[in-house]
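Just so we're clear, the structure is a prediction, and the values are computed from it rather than from any experiment.
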Amino acid sequence: DKPVKEFLLLTSHFIYFTPKLCLDVFGITNAIDILDILLKKNIFITKNLIILQDKPEVIYTYNDYFKRFLQNQQSKTLPKDDLTKSIRTIAEYFQNKGDYDNAISYFLQAERFDEALKLISDIYVDFSQIGDLQKIDNWFSKLPEELILNYPDTVYLQALLVLKLNNDLKKASLLIN
């Protein structure tokens, strides 16, 4: 039915989701009822118990193939601007919650590269100190090179990353010059 289909399409971009997340981001008040229907029908959804912010929480995820199918359907039915706005809403939610890892991923998915780059720059030191350099490198790889080159601080951060990950002084100096 229509509410279930809308729910599936809206939630297809979440890495994982909860009824509260559905309510907070999209105002979906009947998420628990819809999730119960989907679980009873075995509709490519998994229910897991994980620890989020030091407390157990039930999260839901879609089968990867089903998720891609839903995203493909959404891209066919929604104008690109509406789709981007929907994903940006998710990114802003995570940004406001201080979950910069997810926020950056969603900003990149929404092709909101300026916002992603600003967050990457803001949290670079924290992530590099905990050793999550591969994740930072992955984010940089998704940014348009011309955008990175417009910001000297970002070029410097990328050069540091090249040094730390690859110990490649030559490539790092090429980036800076």
**Study point:** Residues Lys40, Asp36: salt bridge by 4.0 Å N-O rule
**Key:** no
Between Lys67 and Ile15, the two heavy atoms sitting closest are NZ-CA, 3.6 Å
Interatomic distance, CG@Leu143 vs CD1@Ile120, rounded to 0.5 Å, equals 4.5 Å
message: I'd like to know whether Ile43 forms a side-chain contact (heavy atoms from CB on, under 4.5 Å) with Val4, so could you lay out the CA-CA distance, the side-chain angles of the two residues, the decisive distance to 0.1 Å, and finally the verdict.
response: CA-CA 11 Å; Ile43 304 288; Val4 172; over 6 Å; no
task: Please check if any side-chain donor atom of Asp99 sits under 3.5 Å from a side-chain acceptor atom of Asn102, or the reverse.
output: yes
- Going only through I, L, V, M, F, W and Y residues with side-chain contacts under 4.5 Å, is there a path from Ile37 to Leu9? no
>> Is there a side-chain contact (heavy atoms from CB on, under 4.5 Å) between His13 and Gln74? Walk through the geometry before answering.
In response: CA-CA 10 Å; His13 289 280; Gln74 191 178 38; 2.8 Å; yes
| task | Check step by step if side-chain contact (heavy atoms from CB on, under 4.5 Å) holds for Val25 and Leu10. | result | CA-CA 10 Å; Val25 176; Leu10 278 174; over 6 Å; no
Taking every heavy atom of Ile148 against every heavy atom of Val155, the minimum-distance pair comes out as O-CG2, 3.3 Å
Q. Are there more than 12 heavy atoms of other residues, nucleotides or ligands under 6.0 Å from atom CG of Leu23?
A. yes
Is Asn138 reaching over with its side chain to a backbone N or O of Gln134, donor-acceptor style, under 3.5 angstrom? no
In terms of heavy-atom contacts, Tyr16 and Leu21 come closest through O-CD2, 3.6 Å
Would you say Pro19 and Leu35 make side-chain contact, with heavy atoms under 4.5 Å? yes
Smallest heavy-atom separation, Cys22 atom then Thr11 atom, equals SG-CG2, 3.7 Å
d(Lys97 NZ, Asp24 CG) to nearest 0.5 Å is 5.5 Å
With sequence neighbours left out, the residues meeting salt bridge (Lys or Arg N to Asp or Glu O under 4.0 Å) with Lys5 are none
Rounded to the nearest 0.5 Å, the CD atom of Glu145 sits from the CG atom of Asn150 at a distance of 11.0 Å
Distance col, row Leu70:CG vs Phe7:CZ, nearest 0.5 angstrom, shows 10.5 Å
* Hey, any chance Ile51 and Val58 share a hydrophobic cluster, counting ILVMFWY side chains that come within less than 4.5 Å of each other, even indirectly? -> no
Problem - N/O donor-acceptor pair under 3.5 Å between Ser86 side chain and Asp82 backbone - result: no
_Taking Ile32 as the starting point, is it possible to reach Phe14 by hopping between hydrophobic residues whose side chains are less than 4.5 Å apart?_
no
task = Flag the pair Glu92 and Arg112 as a salt bridge only when some basic side-chain nitrogen lies within less than 4.0 angstrom of an acidic carboxylate oxygen.
result = no
Inset, instruction - For the residue pair Lys76 and Asn72, establish whether any side-chain heavy-atom pair is separated by less than 4.5 Å. - result: yes
Heavy-atom closest pair (Ser12 atom, Gln71 atom, distance to 0.1 Å) is O-NE2, 2.8 Å
Original post:
Are side-chain heavy atoms of Glu115 and Arg88 found at a separation under 4.5 Å?
Top reply: yes
When you look at Lys118 and Phe107, which way does the side-chain contact (heavy atoms from CB on, under 4.5 Å) test go after all the steps? CA-CA 10 Å; Lys118 182 182 179 332; Phe107 278 130; over 6 Å; no
Taking every heavy atom of Leu119 against every heavy atom of Ala103, the minimum-distance pair comes out as CD1-CB, 3.7 Å
Rounded to the nearest 0.5 angstrom, the CZ-CD distance for Phe140 and Gln158 is 5.5 Å
So CD of Gln109 and CD1 of Ile87: to nearest 0.5 Å the spacing works out to 4.5 Å
Around atom CZ of Phe113, are there more than 12 heavy atoms of other residues, nucleotides or ligands at under 6.0 Å?
yes
Salt bridge or not between Glu57 and Lys20? Use side-chain N to carboxylate O under 4.0 Å. no
Residues pairing under ring-ring contact (aromatic ring centres under 6.0 Å, His included) where one sits in residues 63-98, two or more places apart or in two chains, turn out to be Phe44-Phe66, Tyr62-Phe66, Phe94-Tyr106
